[in-house]
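In what follows, a structure is listed as structure tokens, so that the remarks can point back to it.
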Amino acid sequence: MNYYIVTGASKGLGEAIVKELFHRDSSIIYLSRNKNTLLEKLADNHGVTIVHQQCDLSNVETIKATAVKVFSLIDMNQAHSITLINNAGMVEPIKHVGDANEQEIVEHVNLNLISPMLLCEFFIKEYNQFQGQVRIVNITSGSANRPTAGWSTYCSTKSGLNMFTNTIAIEQHDKENPIIAIGFSPGIMDTDMQSTLRTAKDTDFPSIDQFKAYHEKGMLRSPSFVANTLVTLLTQPLENGRIYDIKEFI
């Protein structure tokens, strides 16, 4: 059995990733604040085991208890591989430094950086002796390498997540059965995040016209296309610590 833990899977890319896993020998645990009943019905139609774990990953005090519940759902005697996909994230606040509310910043950093760091911490502690395949996928962004006005928190958390991913790989280098950690940058997608960007104030987000043009010109990739690219990538040998970009595959 191939176990997959996917965060932020009630909609968008996370939901699309889960759907791409349906045709495989998979058991899926998805973490989100809200249950996706249509997704669960679709999984049942495909004969795939799927379990929802309710959680708010911006509330970092609850993550350890959530991880314990998730790990209890994995049968180590049946597991061939265990994969953690840290997909949950947010783009708000879209504001210049000095204009944002402090609580917005804290919530953003909790969800985009601290939450995946803690999940990786607990995940590696739990499975560092597992003899099967253990992998971590951290969904990142090209913004990790490119500062954008209005995105100080988003660029910073994605950059931090990339460095965290790189460091896991270095630490696993001399292990007999290393845990593989990679980043995956999905590029521009037709998701709620893009809708949020197009409604931002141009004084907060000077690049808004560019993102409106992406939408108007049909340049946004579908979540299903991106998810298929990622899941296909996971069937191949992975370079530990590498930050993959979808542009490499199109």
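- Hydrophobic clustering of Ile, Leu, Val, Met, Phe, Trp and Tyr side chains at less than 4.5 Å, counting indirect connections, keeps Met117 apart from Ile243.
- His173 contributes no side-chain N or O that, together with a main-chain N or O of Ala169, makes up a donor-acceptor pair within less than 3.5 Å.
- The main-chain N or O of Ile28 is never found under 3.5 Å from a side-chain atom of Ser26 such that the two would form a donor-acceptor pair.
- The side-chain heavy atoms of Ser81 and Tyr3, taken from C-beta on, include no pair separated by under 4.5 Å.
- If you chain together hydrophobic residues whose side chains sit under 4.5 Å apart, Val106 and Val91 never meet in one group.
- Formation of a donor-acceptor pair under 3.5 Å by the Asn87 side chain with backbone atoms of Gly8 is found in this model.
- With Phe71 as the fixed residue, the ring-ring contact (aromatic ring centres under 6.0 Å, His included) test singles out one of Phe130, Tyr127, Phe122: Tyr127.
- Judged by distance alone, with hydrogens and angles left aside, the side-chain atoms of Asp25 form no donor-acceptor pair with the main-chain N or O of Asn2 at under 3.5 Å.
- Looking only at distances, a side-chain donor or acceptor of Gln172 sits under 3.5 Å from a matching main-chain atom of Ile179.
- A salt bridge is defined here as a Lys NZ or Arg NE, NH1 or NH2 lying under 4.0 Å from an Asp or Glu carboxylate O, and Glu248 with Arg242 meets this definition.
- A continuous path of ILVMFWY side-chain contacts below 4.5 Å connects Ile139 to Ile250, so both sit in one hydrophobic cluster.
- For the 3.5 Å distance criterion, the side chains of Asn34 and Ser32 fail to qualify, holding no donor opposite an acceptor.
- Judged by distance alone, with hydrogens and angles left aside, the side-chain atoms of Ser143 form no donor-acceptor pair with the main-chain N or O of Arg146 at under 3.5 Å.
- No donor-acceptor pair closer than 3.5 Å links the side chain of Asn86 to the backbone N or O of Thr7.
- At least one donor-acceptor pair closer than 3.5 Å links the side chain of Thr165 to the backbone N or O of Leu161.
- More than 12 heavy-atom neighbours from other residues, nucleotides or ligands sit within 6.0 angstrom of CE on Met76.
- At distances below 3.5 Å, not a single donor-acceptor pair connects side-chain atoms of Ser159 with backbone N or O atoms of Cys155.
- Hydrophobic clustering, with ILVMFWY side chains joined whenever heavy atoms are under 4.5 angstrom apart, groups Leu84 together with Ile124.
- A perpendicular orientation is assigned to the rings of Tyr154 and His108, their planes being inclined by more than 60° (bins at 30° and 60°).
- Screening Ile74, Ile136, Leu119 for a side-chain contact (heavy atoms from CB on, under 4.5 Å) involving Ile5 leaves a single residue, Ile74.
- Taken together through direct or relayed side-chain contacts under 4.5 Å among Ile, Leu, Val, Met, Phe, Trp and Tyr, Leu57 and Leu73 form part of one hydrophobic cluster.
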